[in-house]
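To start, the structure under review is shown below, and the notes come after it.
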Amino acid sequence: MSILQEVRLGAEPIDRFEPLLGAAYVRAAKQVGEAIRTRLEGRVVWNVNSTAVGGGVAEMLQSLLAYSRGLGVDGRWVVIRGSPEFFRVTKRLHHALHGAPGDQSPLDGTERRVYEETLHENARELVSLVRPRDVVLLHDPQTAGLAPHLLEAGARVIWRCHIGHDKPNDEVDRGWRFLDQYLHEVPAYVFSRQAYVPDFCDHGKAVVIPPSIDAFSPKNEELDEDTVRTILVHVGLVEGPPPASAPHTFRRENETPGRVERHADVVRLGRAPRWEAPLVVQVSRWDPLKDPRGVVLGFAQLLEAGGAGEAELVLAGPNVHGVADDPEAAQVFDDTLAVWRDLPHGVRDRVHLACLPTADIEENAVIVNALQRHAAIVVQKSLHEGFGLTVAEAMWKARPVVASAVGGIQDQIDDGVHGLLLQDPRDLGAFAQALRGLIADPARARRLGEAARERVRERYLGIRHLIEYARLIERLDT
């Protein structure tokens with residue numbers, strides 16, 4: 001039985017970026033694409049990660065590989081398989097590189113045996129597919145242990161780490177001590193911020209490439225108001241009825257039509273929010289580092305202190321069993337639910353916990369798109385964050401954002417210009433005050449949203465991401 005899962009990919013033209021970036025920019029990008037296609041003739045660029053569903057890495061790979069294939073590059077994507085115990089170990093590593101203790105396991109010989117045995121099985125199949133001089137991008141701690149096997153097989157290996165912590169501590173050091181033996185011989189590393197680069201990678205082999213969003217994916221494509229309303233009524237996130245004539249349809253990545261069929265699992269006390277009610281929205285995995293408990297408690301403070309107007313909170317994440325490499329999701333959701341149950345009746349009535357369907361990835365994406373577009377304010381109150389793609393997504397939709405001044409969020413937002421930053425994400429009073437100010441001043445909220453969209457157009461669209469990868473591969477291949 002095959003261990004690896006190969007993800008099916010389409011091909012997309014980069015010409016669609018012309019209205020956003022101009023013909024000259026797209027023309028230059030095509031020249032870069034033609035040069036790398038010629039250089040890689042007969043070779044494959046493999047991407048390897050641990051899930052095809054859920055999270056920013058999977059979303060980026062889906063779109064970036066489609067555009068690279070549209071440029072004639074043979075880009076492929078495979079997903080490794082692991083046991084629940086393997087993903088417990090890699091989740092522990094995820095927390096450690098964020099500076100957090102996670103389940104507090106020691107990352108000792110027991111964890112190392114689980115990690116290496118799992119990746120050894122995946123490597124046996126992967127090296128049968130990869131040919132000498134193929135390029136392999138390994139993504140995040142889940143795949144680092146594959147590097148020695150691939151280097152021995154003659155591949156050009158790049159390790160891409162999407163996470164990190166600005167201020168190293170004992171946990172960060174513990175995580176890197178676990179991983180460094182697999183990565184010493186890797187010729188190139190990619191990080192989202194310079195501050196994330198550990199000493200053993202920082203010898204001319206590490207480059208910084210910020211993540212990106214796809215402006216044309218179901219997650220970010222333009223949706224008119226009637227379509228947004230129809231989708232949100234259908235899935236149960238706002239009260240009906242929907243507009244009479246609008247379908248709950250969207251355009252799939254392969255240009256075929258799709259329709260939102262499934263419903264969200266929503267925990268609420270009474271009815272869904274009215275369409276007219278301003279929504280404060282956070283969309284994230286059910287992960288303790290996203291602080292869903294703090295979002296609920298901070299919004300409760302806002303309601304109890306006054307100044308919320310008619311606003312309601314929607315805290316949304318994927319179905320808790322829908323992301324294979326995230327074993328904590330169910331527990332984090334249950335912890336958040338316990339906080340919600342302890343709220344006063346009048347507060348609980350305005351807080352909605354939603355698990356979004358993930359059986360169809362693109363359906364899930366368009367539901368998130370509609371929810372973000374309808375939001376009065378989008379929140380990302382993370383305690384730690386590698387980058388924060390949900391922030392870029394909301395900014396692209398011209399939403400005012402309240403987010404923590406952690407990780408890559410600090411690069412996306414200049415405080416007071418493209419959104420509001422919380423200097424201490426645990427300060428619930430400051431969080432409530434930021435929400436109160438935007439609710440009270442819609443004109444300011446609109447200005448922040450407009451500036452945010454322009455920031456993403458300039459810095460965080462996928463075409464820039466592809467050009468930087470092409471330059472790295474060219475450097476690696478000389």
Side-chain angles (χ1 to χ4, degrees), residues 7-17 19-20 49 51-70 75 77 211-238 242 246-264 281-285 314 316-319 322-323 354-375 378 388-399 453 456-457 460-463 465-466:
V7 181
R8 294 179 63 184
L9 297 164
E12 295 286 353
I14 66 169
D15 300 86
R16 54 170 46 175
F17 285 92
L20 301 178
N49 80 323
T51 181
V53 181
V57 177
E59 291 179 12
M60 281 191 291
L61 288 179
Q62 191 75 49
S63 61
L64 289 175
L65 286 168
Y67 290 121
S68 70
R69 290 165 69 87
W77 175 12
S212 62
I213 66 167
D214 181 2
F216 306 100
S217 71
K219 176 73 74 70
N220 298 301
E221 66 179 336
E222 296 294 328
L223 299 175
D224 61 61
E225 184 176 289
D226 282 353
T227 300
V228 167
R229 185 170 182 174
T230 300
I231 290 170
L232 295 181
V233 169
H234 175 79
V235 300
L237 294 176
V238 300
H248 40 288
T249 59
F250 61 97
R251 182 192 58 81
R252 293 187 179 276
E253 296 275 8
N254 62 5
E255 301 293 339
T256 62
R259 188 171 71 175
V260 176
E261 302 282 6
R262 295 167 182 84
H263 305 280
V281 171
Q282 176 163 306
V283 183
S284 289
R285 283 192 186 198
V314 174
N319 179 292
V323 182
C355 289
L356 306 182
T358 56
D360 180 331
I361 300 171
E362 291 176 298
E363 178 190 59
N364 173 271
V366 80
I367 293 169
V368 172
N369 188 350
L371 182 56
Q372 289 176 328
R373 288 188 184 278
H374 182 53
V378 173
L389 281 176
T390 54
V391 173
E393 292 160 6
M395 292 170 70
W396 178 246
K397 299 171 181 78
R399 298 297 86 200
R453 180 178 170 88
V456 173
R457 190 191 70 81
Y460 299 116
L461 296 181
I463 192 168
H465 201 160
L466 281 177

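The first residue of the sequence shown is numbered 1, and numbering continues consecutively from there. Quick caveat, the model's predicted, so the values are computed rather than measured.
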Greater than 12 external heavy atoms within 6.0 Å of Glu261's CD: yes

Which residues share a salt bridge (Lys or Arg N to Asp or Glu O under 4.0 Å) with Arg453, sequence neighbours left out: Glu222

Distance, nearest 0.5 Å, that separates CG of Leu64 from CD1 of Ile463: 11.0 Å

Beyond-backbone contact of Leu223 with Val366, side-chain heavy atoms, under 4.5 angstrom: yes

Derivation of the side-chain contact (heavy atoms from CB on, under 4.5 Å) call for Val235 and Glu363: CA-CA 11 Å; Val235 300; Glu363 178 190 59; over 6 Å; no

Leu232 side, atom CG; Thr227 side, atom OG1 - distance, nearest 0.5 Å: 10.5 Å

Test item: Leu461 and Val456 side chains (from C-beta on) under 4.5 Å apart, heavy atoms: yes

With Asp224 via salt bridge (Lys or Arg N to Asp or Glu O under 4.0 Å) - residues at least two apart: none

Main-chain N/O of Tyr460 paired to His465 side chain as donor or acceptor, under 3.5 Å: no

Asn364 (side chain) donor-acceptor with Pro318 (main chain) under 3.5 angstrom: no

Exercise: identify the closest heavy-atom pair between Ala264 and Pro357: CA-CD, 4.1 Å

Audit row: Val314, Val238, side-chain contact (heavy atoms from CB on, under 4.5 Å) steps and yes/no: CA-CA 10 Å; Val314 174; Val238 300; over 6 Å; no

Main-chain N/O of His263 paired to His234 side chain as donor or acceptor, under 3.5 Å: no

Minimum side-chain heavy-atom gap Ile367-Arg262 below 4.5 Å: no

Side chain proximity check, Gln62 to Leu9, heavy atoms < 4.5 angstrom: yes

Closest non-hydrogen atom pair, Arg259 against Phe250: N-CE2, 3.6 Å

Non-neighbouring partners of Phe17 that pass ring pair (Phe, Tyr, Trp, His ring centres under 6.0 Å), sequence neighbours left out: Tyr67, Phe216

Smallest separation among heavy atoms of Ala52 and Ile361, with atom names: O-CD1, 3.4 Å

Minimum heavy-atom distance between Val378 and Ala375, given as atom pair plus value: CG2-CB, 3.7 Å

Let me check something: any side-chain donor-acceptor pairs from residues 388-398 under 3.5 Å, sequence neighbours excluded? List them with distances.
from, atom 1, to, atom 2, distance (Å)
Thr390, OG1, Gln380, OE1, 2.6
Glu393, OE1, Gln372, NE2, 3.3
Glu393, OE2, Lys219, NZ, 3.4
Lys397, NZ, Lys219, O, 3.1
Lys397, NZ, Asn220, OD1, 2.8
Lys397, NZ, Gln372, OE1, 2.8
Lys397, NZ, Glu393, O, 3.3

With sequence neighbours excluded, residues passing salt bridge (Lys or Arg N to Asp or Glu O under 4.0 Å) with Arg229: none

Shortest non-hydrogen separation from Trp77 to Thr51 and the atoms involved: CZ2-O, 3.8 Å

Partner set under salt bridge (Lys or Arg N to Asp or Glu O under 4.0 Å) for Arg399, not counting sequence neighbours: none

Enclosure of Arg457 CZ (heavy-atom neighbours >12, cutoff 6.0 Å): yes

Nearest-0.5 Å distance, OG1 of residue Thr256 to CZ of residue Arg251: 9.5 Å

